Each structure stands twice: as C-alpha cells, then as structure tokens.
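Contents: one structure, followed by commentary.
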Amino acid sequence: MLEYFESAEVETGETRIFVRRSGSGPPILLLHGFPETHLMWRSVAPLLARRFTVVCADLRGYGRSGCPPSADDHAPYSKRAMARDFVTVMERLGFPRFSVAGHDRGGRVAYRLALDHPDRVDRTAVLDVVPTEATWERADARFALVFWPWSLLAQPEPFPERLMAAAPEAIVDDALESWGSSRKAFSPEVRAAYVDALRDPAHVHAMCEEYRAAATCDRQHDQTDRHAGRRVRGPLLALWSGKGPLNAWYAEEGGPLALWRTWAEDVSGKPVEAGHFFPEEIPDETADALASFFE
C-alpha cells in the first residue's frame with residue numbers, strides 16, 4: 001500500500017507527524033478520518049500523484065503520528081492545533097502554499113486550515129462532513145444513534161478509552177459496516193491496520209481527546225468565526241455520500257451545499273453513489289472529482 005510513496009516524520013515543534021509523499025506538480029495534502037489512518041488514500045493518492053505532488057498524513061494522535069499531552073480544555077487536539085501542524089509540515093516539505101482535501105475528521109481540519117491560514121491554502125475539499133457548529137446545532141436522536149463517536153468518545157476519561165481498548169475490532173467493524181459502505185472496500189490488511197491503530201493506549205486517548213475537542217473548543221471556534229463573519233476565501237468542494245445521512249438530514253435547509261455556503265463564498269459539490277467511506281469504496285470516481293477541482 002502506497003509502496004512508491006516516500007515516508008517521513010516531520011517535527012512540528014508540538015508533535016511529530018507521519019507523512020507519505022509522491023508525485024510532482026501542485027501540492028495537495030490529504031487528511032483522513034476516524035477510525036482510519038493515511039492508508040484510506042491508498043487507491044486515490046497514486047491516481048492524483050500522476051498530476052500533483054501528493055502528501056498523505058496521519059493526524060496528530062492517529063496512525064503513526066505523535067500523541068502530544070492534552071489539557072483540561074482539550075485544545076491540543078482541537079482542529080486549530082491540527083491545522084497548525086500541517087502549516088508547519090507542508091512548509092518544511094517545501095510547500096508554503098497548497099491545497100487540501102479531508103475526509104470525516106480530516107475534513108474538519110481542512111476547513112479550519114482554510115479559515116485560520118487563508119494565505120497558505122489555495123483550494124479546500126471536504127468529504128462527507130458539514131461544519132462542526134452546524135452539526136451540533138442540528139444534532140437530534142438520529143444523529144446520536146448513527147454517529148455515536150461524537151457523543152460516546154467525548155465522554156470524560158477514562159470511560160470511552162476503556163471501551164475502545166477493550167474492543168478495537170468491534171469499534172472498527174461497526175464504523176466500516178454501519179455507515180453505508182460495502183465491506184468489500186476494506187481488505188483484511190487494511191482492516192487490520194485500522195484495528196492495530198486502536199490497540200495503543202496513547203493513541204486511543206488522543207482520539208478521544210480529539211472528539212472532546214470537537215464538542216467544546218472546536219464548536220466554540222466555529223461559533224466565534226461565524227459571529228465575526230469569517231469565511232473560507234478560496235474555492236471549496238463538498239462531496240458527500242448519496243447513501244448516507246448527510247444527503248437526507250439537511251434537505252429542508254438546501255442540503256450540505258447550502259450549509260457550506262454560509263462558510264465559503266465559492267462552493268461547489270455533489271453527492272456520490274457510495275457510503276461514508278467513499279474514497280476507499282469508489283477511489284477512481286473520488287480521484288477524478290478531486291483532480292478536476294484542484295486543477
């Protein structure tokens with residue numbers, strides 16, 4: 001998987017970020033979601049590397065990246081802190097400006113990057129997410145039952161940490177099978193890699209801290225920006241699962257595009273015919289959509 005991609009560990013001053021890089025051309029940063037690692041891009045990244053310089057990274061606290069100490073306010077695992085990581089990573093790789101695509105949790109880091117560092121980010125793609133504040137504002141019983149990590153993993157430690165550590169295979173299998181994607185999208189090797197990432201207590205705690213940050217400081221950062229009228233300056237592409245909740249839950253408000261248009265001036269996008277993990281399920285279509293947007 002990604003065998004032709006060069007591996008590196010980049011020190012940011014706050015933590016260590018693991019990356020894989022290949023290709024030539026305009027730089028694109030690819031960020032993963034939960035419970036994945038950078039391996040979620042294993043089929044998309046080589047296709048994009050034909051036209052772009054592609055950097056796949058593990059978020060802090062995930063995969064092979066570091067797990068810096070957290071704090072009572074969970075700020076070290078906020079999307080703002082993660083965005084800082086990637087400004088440093090990309091600059092040290094030689095890319096002071098770049099585009100970014102993020103899926104799930106990575107999508108939240110991607111739009112925070114664009115908001116906090118508009119001089120660094122050219123174009124932003126967000127995959128199967130709506131803004132964090134909008135998600136919490138509209139959360140209901142459907143949301144609590146379907147996207148259980150938002151509420152479960154945000155509970156005070158050590159309860160969610162113990163649950164994840166006790167049953168990492170159940171956590172991964174439920175996510176991969178319950179959010180609309182075919183199990184055929186994940187080889188045994190990939191599934192095993194995701195399970196192994198949940199066997200390390202430091203990484204399990206870091207993932208829970210990231211969800212606690214989403215329920216607290218991430219939400220506050222979004223609220224502050226919305227009240228101040230801050231918006232993503234560059235073009236933003238939103239892709240989402242046509243089989244998933246995002247395609248139905250926000251229909252009365254105009255769907256995901258309408259929600260993103262409150263946050264960005266130049267928004268395009270569409271649903272795709274696959275489940276939540278569509279970059280792994282339909283990599284060719286995902287790569288085509290991203291390449292067209294980033295070109």
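These numbers come from a predicted model, not from an experiment.
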[X] to [Y], cation-pi by 6.0 Å centre distance and 45° axis angle:
{"X": "Arg231", "Y": "Trp260", "answer": "no"}
{"X": "Arg212", "Y": "Tyr77", "answer": "no"}
{"X": "Arg42", "Y": "Phe5", "answer": "no"}

Output yes when a side-chain donor or acceptor of [X] lies under 3.5 Å from a complementary backbone atom of [Y], and no otherwise.
{"X": "His203", "Y": "Gly63", "value": "yes"}
{"X": "Arg138", "Y": "Ala134", "value": "yes"}
{"X": "His74", "Y": "Ala214", "value": "no"}
{"X": "Asp104", "Y": "Gly33", "value": "no"}
{"X": "His117", "Y": "Leu113", "value": "no"}
{"X": "Ser24", "Y": "Thr53", "value": "no"}
{"X": "Thr12", "Y": "Thr88", "value": "no"}
{"X": "His205", "Y": "Pro201", "value": "no"}
{"X": "Arg97", "Y": "Asp119", "value": "yes"}
{"X": "Ser70", "Y": "Pro76", "value": "no"}

> Parallel, tilted or perpendicular: which fits the ring planes of His276 and His103, with parallel below 30° and perpendicular above 60°?
Replying inline: tilted
>> Could you walk me through whether Arg120 and Phe86 satisfy the side-chain contact (heavy atoms from CB on, under 4.5 Å) test, starting with their C-alpha distance in whole Å, then the side-chain angles of each, then the deciding distance to 0.1 Å, before giving a yes or no?
In response: CA-CA 10 Å; Arg120 301 284 189 158; Phe86 293 112; over 6 Å; no
Closest non-hydrogen atom pair, [X] against [Y]:
{"X": "Thr135", "Y": "Phe143", "answer": "CG2-CE1, 3.3 Å"}
{"X": "Ala45", "Y": "Leu30", "answer": "CB-CD1, 4.1 Å"}
{"X": "Val100", "Y": "Phe294", "answer": "O-CZ, 3.6 Å"}
{"X": "Ser78", "Y": "Cys217", "answer": "CB-SG, 3.8 Å"}
{"X": "Pro168", "Y": "Arg199", "answer": "CG-NH1, 3.7 Å"}
{"X": "Ala175", "Y": "Phe277", "answer": "O-CE1, 3.1 Å"}

If you measure from [atom1] on [X] to [atom2] on [Y], what distance do you get to the nearest 0.5 Å?
{"X": "Phe159", "Y": "Leu152", "atom1": "CZ", "atom2": "CG", "value": "6.0 Å"}
{"X": "Arg191", "Y": "Leu176", "atom1": "CZ", "atom2": "CG", "value": "8.0 Å"}
{"X": "Leu236", "Y": "Phe293", "atom1": "CG", "atom2": "CZ", "value": "6.0 Å"}
{"X": "Tyr211", "Y": "Thr216", "atom1": "OH", "atom2": "OG1", "value": "14.0 Å"}
{"X": "Glu9", "Y": "Thr15", "atom1": "CD", "atom2": "OG1", "value": "10.0 Å"}
{"X": "Leu48", "Y": "Glu295", "atom1": "CG", "atom2": "CD", "value": "9.5 Å"}

> Is Ile28 reachable from Leu47 through a run of I, L, V, M, F, W or Y residues, each pair having side-chain heavy atoms under 4.5 Å apart?
Replying inline: no
Is the closest side-chain heavy-atom distance between [X] and [Y] below 4.5 Å?
{"X": "Thr37", "Y": "Phe18", "value": "no"}
{"X": "Cys208", "Y": "Glu161", "value": "yes"}
{"X": "Trp179", "Y": "Val146", "value": "yes"}
{"X": "Met207", "Y": "Met164", "value": "yes"}
{"X": "Trp136", "Y": "Gln223", "value": "no"}
{"X": "Val232", "Y": "Leu115", "value": "yes"}
{"X": "Asp116", "Y": "Arg84", "value": "no"}
{"X": "Leu239", "Y": "Phe278", "value": "yes"}

>> I need the single residue from Asp222, Asp218, Asp85 that forms a salt bridge (charged side-chain N to carboxylate O under 4.0 Å, His left out) with Arg112. Which is it?
In response: Asp222
> Of Arg60, Arg105, Arg108, Arg80, which meets salt bridge (charged side-chain N to carboxylate O under 4.0 Å, His left out) against Glu210?
Replying inline: Arg105
Can you find a side-chain donor-acceptor pair between [X] and [Y] that sits under 3.5 Å?
{"X": "Thr224", "Y": "Gln220", "value": "yes"}
{"X": "Arg20", "Y": "His38", "value": "yes"}
{"X": "Asp174", "Y": "Trp148", "value": "yes"}

>> Between Ser22 and Val54, is the side-chain contact (heavy atoms from CB on, under 4.5 Å) condition met? List the steps.
In response: CA-CA 6 Å; Ser22 185; Val54 178; 5.8 Å; no
>> Does Arg219 have more than 12 heavy atoms from other residues, nucleotides or ligands lying within 6.0 Å of its CZ?
In response: yes
> Is atom CZ of Arg162 surrounded by more than 12 heavy atoms (other residues, nucleotides or ligands) closer than 6.0 Å?
Replying inline: no
> Yes or no on side-chain contact (heavy atoms from CB on, under 4.5 Å) for Val129 and Tyr111, after CA distance, side-chain angles and deciding distance?
Replying inline: CA-CA 10 Å; Val129 294; Tyr111 84 83; 5.6 Å; no
For residues 265-273, tabulate all N or O donor-acceptor pairs below 3.5 Å that involve a side-chain atom, not counting sequence neighbours.
none

> What residues, two or more places apart in sequence or in another chain, satisfy side chain to side chain contact (heavy atoms under 4.5 Å, CB included) together with Leu246?
Replying inline: Asp128, Val130, Phe147, Trp240, Tyr250, Pro256
> Going through the distances and angles, do Leu290 and Leu237 end up as a side-chain contact (heavy atoms from CB on, under 4.5 Å)?
Replying inline: CA-CA 8 Å; Leu290 292 177; Leu237 173 70; 4.2 Å; yes
